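Below: one structure, written as structure tokens.
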Amino acid sequence: RKEVEQDPGPFNVPEGATVAFNCTYSNSASQSFFWYRQDCRKEPKLLMSVYSSGNEDGRFTAQLNRASQYISLLIRDSKLSDSATYLCVVKNAGNMLTFGGGTRLMVKP
Amino acid sequence: NAGVTQTPKFRVLKTGQSMTLLCAQDMNHEYMYWYRQDPGMGLRLIHYSVGEGTTAKGEVPDGYNVSRLKKQNFLLGLESAAPSQTSVYFCASSPGQETQYFGPGTRLLVL
């Protein structure tokens, strides 16, 4: 079983739609959680951290459920520029990051 | 401020050849990392360094060696390349227990 699991997609949504991605992790001792965004043939970039109380950054909302070991990312009012692969990332001891395989999003006009 | 840079951007090797990938960062970060990314696998940590002169193994270290002789540089070596090492290699750096910043990647094809 992979330590961080994501649905690879692709999720095909129209502009303006709301879309949600989920991620599960297996290490209950994981300390921190992130969503990274990766554009085609580019490097990953931090989108947002995920806090236990849930957090929002503009159109993006991230939630963490430690009991279920589950992380989510909600994107409202999708834009064409949101098309990318979204990587769920978990930090364990020693500042090591473990990456999920990514969920691909395609926003269509 | 260039951030994290990687050299080369793309390389083709024959099986058994050797090469070194260079990662450089100008942010004075202590931590540096080498990952490989393969389709459907996510990024996997090869080796990392928590400071100048230190290195440690990650999840998939076999077939690779690293060196951190200067704080700003982290080198990844392949002594005898194999087709299984065909991948995209990303270097990253971080100031500590915080966000990792990635370089643009090196695409390696081993024939």
Side-chain angles (χ1 to χ4, degrees), chain A residues 1-11 21-27 29-51 55 57 60 62 71 73 84-106, chain B residues 2-10 21 23-25 27 29-51 54-61 66 74 87-109:
Chain A
R1 183 189 170 191
K2 290 182 183 177
E3 189 170 337
V4 180
E5 297 214 51
Q6 297 181 247
D7 180 342
F11 284 58
F21 308 136
N22 302 321
C23 164
T24 56
Y25 62 96
S26 59
N27 186 348
S30 295
Q31 300 174 340
S32 304
F33 308 89
F34 310 91
W35 284 101
Y36 275 69
R37 171 192 168 129
Q38 187 173 24
D39 293 298
C40 187
R41 302 178 76 84
K42 299 286 188 180
E43 71 272 25
K45 292 182 179 178
L46 179 66
L47 177 66
M48 59 195 302
S49 301
V50 186
Y51 303 116
N55 49 296
D57 183 0
F60 299 83
I71 304 159
L73 177 68
T85 296
Y86 291 83
L87 306 174
C88 177
V89 183
V90 170
K91 189 179 91 169
N92 299 316
N95 204 35
M96 297 301 108
L97 298 184
T98 300
F99 288 77
T103 297
R104 190 172 170 209
L105 171 66
M106 298 180 68
Chain B
V4 181
T5 58
Q6 292 183 233
T7 310
K9 289 185 170 53
F10 180 71
L21 283 67
C23 175
Q25 52 96 1
M27 297 176 283
H29 288 170
E30 290 294 333
Y31 290 68
M32 295 187 76
Y33 312 82
W34 275 107
Y35 295 89
R36 61 177 288 174
Q37 186 175 33
D38 302 293
M41 299 289 291
L43 280 84
R44 292 181 292 168
L45 183 65
I46 304 171
H47 285 280
Y48 65 99
S49 168
V50 300
T54 74
T55 63
K57 294 181 180 180
E59 180 186 354
V60 290
V66 287
F74 195 28
S87 189
V88 181
Y89 292 85
F90 286 102
C91 175
S93 71
S94 70
Q97 305 288 320
E98 297 170 24
T99 306
Q100 292 186 15
Y101 299 86
F102 285 82
T106 294
R107 295 181 179 277
L108 177 63
L109 174 62

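Keep in mind that what you see is a predicted model, and the values were worked out from it rather than measured. Letters A, B, ... are given to chains in the order of the sequence lines, protein chains preceding strands, and every chain is numbered from 1.
The aromatic rings of A:Phe99 and B:Tyr35 sit perpendicular to each other, their planes meeting at more than 60°, with 30° as the lower class boundary. The aromatic rings of A:Trp35 and A:Phe21 lie tilted to each other, with the angle between the two planes from 30° to 60°.
Neither the backbone nor the side chain of A:Pro8 comes within contact range of chain B, judged by heavy atoms closer than 4.5 Å. Residue contact with chain B, scored on non-hydrogen atoms closer than 4.5 Å, involves the side chain of A:Gln38 exclusively. For A:Tyr36, the part lying under 4.5 angstrom from a heavy atom of chain B is the side chain only. Proximity to chain A involves both the backbone and the side chain of B:Leu43, based on heavy atoms less than 4.5 angstrom apart. Only the side chain of B:Tyr48 comes within contact range of chain A, with at least one heavy atom under 4.5 Å from a heavy atom of that chain. For B:Arg44, no part sits under 4.5 Å from any heavy atom of chain A, backbone or side chain.
Between A:Arg41 and A:Asp39 there is no salt bridge, since no side-chain nitrogen of the basic residue lies less than 4.0 Å from a carboxylate oxygen of the acidic one.
Between B:His29 and B:Tyr101, the distance separating the two ring centers is shorter than 6.0 angstrom.
Within the 4.5 Å cutoff, side-chain heavy atoms of A:Leu97 are placed close to those of B:Gln100.
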